[in-house]
Amino acid sequence: MITMKDIIREGHPTLRLVAKEVELPLSKEVIDLGHEMMEFLVNSQDPELAEKYELRAGVGLAAPQIDQSIRMVAVHIPGIEEDSEDYILSDVMVNPKIVSHSVQSSCLAEGEGCLSVDRDVPGYVPRHSRITVTYHDLNGEKQKVRLKNYAAMVVQHEIDHLNGVMFYDRINEENPYQLDEGVNIIS
Ligand SMILES: OCN(O)CCCc1ccccc1
Ligand code: NI
């Protein structure tokens with residue numbers, strides 16, 4: 001199983017690479033890795049398992065973060081309602097591609113963090129408010145999802161990892177809480 005020791009931290013060169021497209025049909029190795037990445041997210045959101053294995057809670061994980069420079073991310077985004085079993089989005093995305101996006105930008109009110117960054121980096125991270133993403137799932141099926149709000153922020157954070165981009169690259173250095181005209185804040 002994946003634990004925090006498998007997650008590389010900022011400064012590791014793999015985090016700055018552009019990850020390679022995954023060949024289709026999917027190999028057993030890639031499918032197994034995808035399931036392991038999802039298992040990490042599920043475990044990290046389970047209070048007992050997170051404590052037992054000292055996991056930082058995560059809603060997303062990109063393969064480069066476990067030193068696999070391939071275009072695959074896992075996202076496991078729970079609904080807002082307490083104890084609701086339903087998830088806004090829970091899937092492993094192979095070769096995800098943003099095929100269209102809103103002109104409008106949004107950012108999370110509380111900023112962002114990263115499992116590969118062991119420090120707080122305050123500031124707004126402006127992203128597309130809405131995105132349409134195509135990808136292949138672990139069954140090799142092509143999927144197309146339209147995302148907004150928190151889920152759109154998470155998926156863009158993950159796809160950034162596939163392009164060697166860290167969330168703080170997008171924070172305005174002069175004024176981290178700079179808000180351009182019309183940027184929507186998600187709280
Ligand atoms: O790359 C995944 N990761 O480092 C975990 C944190 C994911 C994440 C956290 C806040 C806002 C968007 C995405
Ligand atoms: Ni991250």
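Counting starts at 1 for both ligands and their atoms, in listed order. Because the structure is a prediction, the values reported are computed rather than measured.
- A cation-pi arrangement is not found for Arg170 relative to Tyr124, the charged atom failing to lie both closer than 6.0 Å to the ring centre and inside a 45° cone about the ring normal.
- For the Ni ion (ligand 2), the nearest N, O or S atom contributed by His157 is named NE2.
- Ligand 1 places these atoms under 4.0 Å from at least one heavy atom of Leu108: 11 (C).
- At the shortest separation from atom 6 (C) of ligand 1 among protein heavy atoms lies Gly113 O, 3.8 Å.
- Taking 4.0 Å as the cut-off between side-chain N and carboxylate O, Asp160 and Arg127 count as a salt-bridged pair.
- At least one N or O atom of His161 sits closer than 3.5 Å to an N or O atom of ligand 1.
- When each atom of ligand 1 is checked for a heavy atom of Cys114 under 4.0 Å away, the hits are 4 (O).
- Nearest protein heavy-atom contact of atom 7 (C) of ligand 1 is Glu158 OE2, 3.6 Å.
- In this structure, Asp169 places its CG atom where more than 12 heavy-atom neighbours from other residues, nucleotides or ligands lie under 6.0 Å away.
- The NE2 atom of His161 and the SG atom of Cys114 subtend an angle of 100° at the Ni ion (ligand 2), given to the nearest 10 degrees.
- In this structure, Gln143 places its CD atom where more than 12 heavy-atom neighbours from other residues, nucleotides or ligands lie under 6.0 Å away.
- For a threshold of 3.5 Å applied to N or O pairs, the pair formed by His157 and ligand 1 contains at least one separation below that value.
- Annotation: atom 5 (C) of ligand 1 to nearest protein heavy atom, Gly60 O, 3.5 Å.
- Looking at heavy atoms from C-beta onward, Phe40 lies out of side-chain contact with Asp6 at the 4.5 angstrom threshold.
- Summary of contacts: the protein heavy atom closest to atom 4 (O) of ligand 1 is Leu115 N, 2.7 Å.
- Using a 4.5 Å heavy-atom cutoff, the side chains of Leu138 and Asp91 are not in contact.
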